[in-house]
Amino acid sequence: MNETLLSIHKIYFTTLALLGVLVNLVAIVILSRGKCGLSTCTTRYLVSMASADLVFILTEVILRRMNYYYFQGSFLNITSVCSVINVLLCVAADCSVWFTVTFTFDRFVAICCQKLKTKYCTEKTAAVVLVTTCILLCLQNLPIYFIYEPAEIINNVPWECAVKPSNYAEPEWMGFDWFDTVLTPLLPFALILLLNTLTVRHILVTSRVRKGLRGQSKGENHSDPEMESRKKSMILLFTISGSFILLWLVHVTDLLYYTITGKLPDSYNYSERIFREVGFMLRALSCCTNTFIYGVTQSKFREQVKSAVKYPVTSIIQLMKKQNN
């Protein structure tokens, strides 16, 4: 990595570390209070997504990137520690992706499957789905710990994490790599696009039917609370899933290129390396965008943020008044 690219990385990921921790903590605290006008089921999914994003920022950006830029030679570079960090960041990334899928499926059921909605779209079901997903992803990522070996040994202490050559040659590891790539993010991409397409199709059909029944096709203008509710839910769903797809697209393209061509990242030319790094940067950015999406699409979330910002100021003013009196 040349000096210019390294400087850009330092500035970008340092800013992202501060921003990512702040916005995800804000989202977790405000959503957990349950005053944003969202169902408890939706709130569980959004809090879980923010939590996974926070863990990803802590592991990938702070423990891995910040350590590389500012604290080289720390205990975090010991092979066993860095292997654990790599497993944790893979779990966090997978959870962030698959929690988005589970949220998309939940909204699909809520909008398109009215009979199933009452049984599936509940707080208890959301908890079971999220916990099960997290456990399965943790188990799926355990083998990643064993793909690394020490890059060097100093005073009998193994340092750094280098991928074992066997990872690129043995059929078992090559199969695991394919499976991991398909599981995250290729399959989630396909599922999100499919569910959103089905949701849009259902909404368009339902909208025409309801307009016909309510007489809007003849020029009458009646409000439809049910369609307004679905519209708000649809906006939240599409902005979250759309943002995810756009910000992961470069990384997914790079994964496909690496998987199909078999060209190792270490042998990339300068342009390919830049493309790969941009994918990593955008993937990390995707863990900071949902809070802004909530702020844009949810008026009650904005109100809660304003109240949280004003609270320290009003408290100080009231304390000063009391002291003056």
Query raised in the report: Around Lys300, counting heavy atoms of other residues, nucleotides and ligands shown, do more than 12 lie under 6.0 Å from its NZ?
Result: no
Report task. With rounding to the nearest 0.5 Å, note down the distance linking CG in Leu46 to CZ in Phe99. Result -> 12.0 Å
Report task. Check Asn77, Leu58, Leu76 against Ile85 for a side-chain contact (heavy atoms from CB on, under 4.5 Å) and give me the one that passes. Result -> Leu76
**Report entry** Distance-only donor-acceptor check, side chains Ser74 and Asn67, under 3.5 Å
**Finding:** yes
Query raised in the report: Think Arg107 forms a cation-pi with Tyr45, using NZ or CZ under 6.0 Å from the six-ring centre and within 45 degrees of its axis?
Result: no
Query - Flag, side chain of Asn269 to backbone of Ser271, donor-acceptor distance under 3.5 Å - result: yes
Report task. Mind checking the CZ-CZ spacing from Phe244 to Arg283? Nearest 0.5 Å is all I need. Result -> 11.0 Å
Query raised in the report: Passes ring-ring contact (aromatic ring centres under 6.0 Å, His included), Tyr268 versus Phe275? Steps please.
Result: CA-CA 10 Å; Tyr268 276 8; Phe275 187 83; 9.1 Å; no
Query - Residue pair Leu22 / Thr291, side-chain heavy-atom distance below 4.5 Å - result: no
Requested in this report: Decide whether Asn167 and Asp177 meet the rule of one side-chain donor and one side-chain acceptor closer than 3.5 Å.
Outcome: no
Requested in this report: Apply side chain to side chain contact (heavy atoms under 4.5 Å, CB included) to Trp159 and Ile78, showing your working.
Outcome: CA-CA 4 Å; Trp159 289 92; Ile78 296 174; 3.9 Å; yes
Query raised in the report: Of Ile30, Leu31, Val309, which is the lone residue that meets side-chain contact (heavy atoms from CB on, under 4.5 Å) with Gln304?
Result: Ile30
Query raised in the report: Would you say Phe105 and Leu191 make side-chain contact, with heavy atoms under 4.5 Å?
Result: no
Report task. For residues Phe146 and Ser83, determine if any side-chain heavy atom of one lies less than 4.5 Å from a side-chain heavy atom of the other. Result -> no
Query raised in the report: Can you tell me if NZ on Lys306 sees more than 12 non-hydrogen neighbours from other groups inside 6.0 Å?
Result: no
Report summary line: Shortest non-hydrogen pair, Asn86 vs Leu89, comes out as O-CG, 3.4 Å
Query - Validation row: Ser51, Ile28 side chains within 4.5 angstrom (heavy atoms) - result: yes
Query raised in the report: Is there a chain of hydrophobic side chains (I, L, V, M, F, W, Y, each step under 4.5 Å between heavy atoms) that links Leu116 to Ile111?
Result: yes
Query raised in the report: Sub-3.5 Å donor-acceptor pair from the side chain of Thr239 to the main-chain atoms of Leu236, do we have one?
Result: yes
Query raised in the report: Is any side-chain heavy atom of Tyr148 closer than 4.5 Å to a side-chain heavy atom of Val163?
Result: yes
Query raised in the report: What's the verdict on side chain to side chain contact (heavy atoms under 4.5 Å, CB included) for Phe108 and His202, showing C-alpha distance, side-chain angles and the deciding distance?
Result: CA-CA 9 Å; Phe108 165 76; His202 176 84; over 6 Å; no
Query raised in the report: Within the distance-only criterion (no hydrogens, no angle test), does the side chain of Arg65 pair as donor or acceptor with the backbone N or O of Glu60 below 3.5 angstrom?
Result: no
Requested in this report: Would you name the heavy atoms of Ala92 and Ala52 that are closest together and state the gap between them?
Outcome: CB-O, 3.9 Å
Query raised in the report: Aromatic rings Tyr69 and Phe13: how do their planes relate, parallel, tilted or perpendicular, breaks at 30° and 60°?
Result: tilted
Report summary line: So CG of Asn290 and CG of Asp53: to nearest 0.5 Å the spacing works out to 5.5 Å
Report task. Applying disulfide bond (SG atoms under 2.5 Å apart), run through Cys161 and Cys82 and close with a yes or a no. Result -> CA-CA 6 Å; Cys161 286; Cys82 116; 1.8 Å; yes
Query raised in the report: SG of Cys112 to CD1 of Ile203: how many Å apart, nearest 0.5 Å?
Result: 6.5 Å
Requested in this report: Would you check if the side chain of Thr184 reaches a backbone N or O of Asp180 as a donor-acceptor pair within less than 3.5 Å?
Outcome: no
Query - N/O donor-acceptor pair under 3.5 Å between Tyr294 side chain and Phe301 backbone - result: no
Query raised in the report: Do the side-chain N and O atoms of Thr181 and Tyr258 include a donor-acceptor pair separated by under 3.5 angstrom?
Result: no
**Report entry** Thr59 side-chain N/O to Leu88 backbone N/O, donor-acceptor pair under 3.5 Å
**Finding:** no
Query raised in the report: CG/Leu130 to OG/Ser48 distance, rounded to the nearest 0.5 angstrom?
Result: 4.0 Å
Requested in this report: Anything under 30° is parallel, anything over 60° is perpendicular, the rest tilted; go ahead and classify Trp248 against His251.
Outcome: perpendicular
Report summary line: Partner of Ser241 under side chain to side chain donor-acceptor pair (under 3.5 Å), picked from Asn196, Thr104, Thr199, is Asn196
Query raised in the report: Does a side-chain heavy-atom distance below 4.5 Å link Trp173 with Lys164?
Result: no
Requested in this report: Would you confirm whether Lys10, through its side chain, and Tyr70, through its main-chain N or O, come within 3.5 Å as a donor-acceptor pair?
Outcome: no
Query - Closest approach of Ala284 to Leu16 (non-hydrogen atoms, all atoms of both residues) - result: CB-CD2, 3.4 Å
Report task. Supply the atom-to-atom distance Trp98 CH2 to Leu183 CG, rounded to the nearest 0.5 angstrom. Result -> 5.5 Å
Query raised in the report: Is the side chain of Ser286 donor-acceptor paired with the backbone N or O of Leu247 at a distance under 3.5 Å, no angle test?
Result: no
Requested in this report: Given side chain to side chain contact (heavy atoms under 4.5 Å, CB included), test Asn24 with Phe56 step by step and report yes or no.
Outcome: CA-CA 11 Å; Asn24 284 303; Phe56 181 83; over 6 Å; no
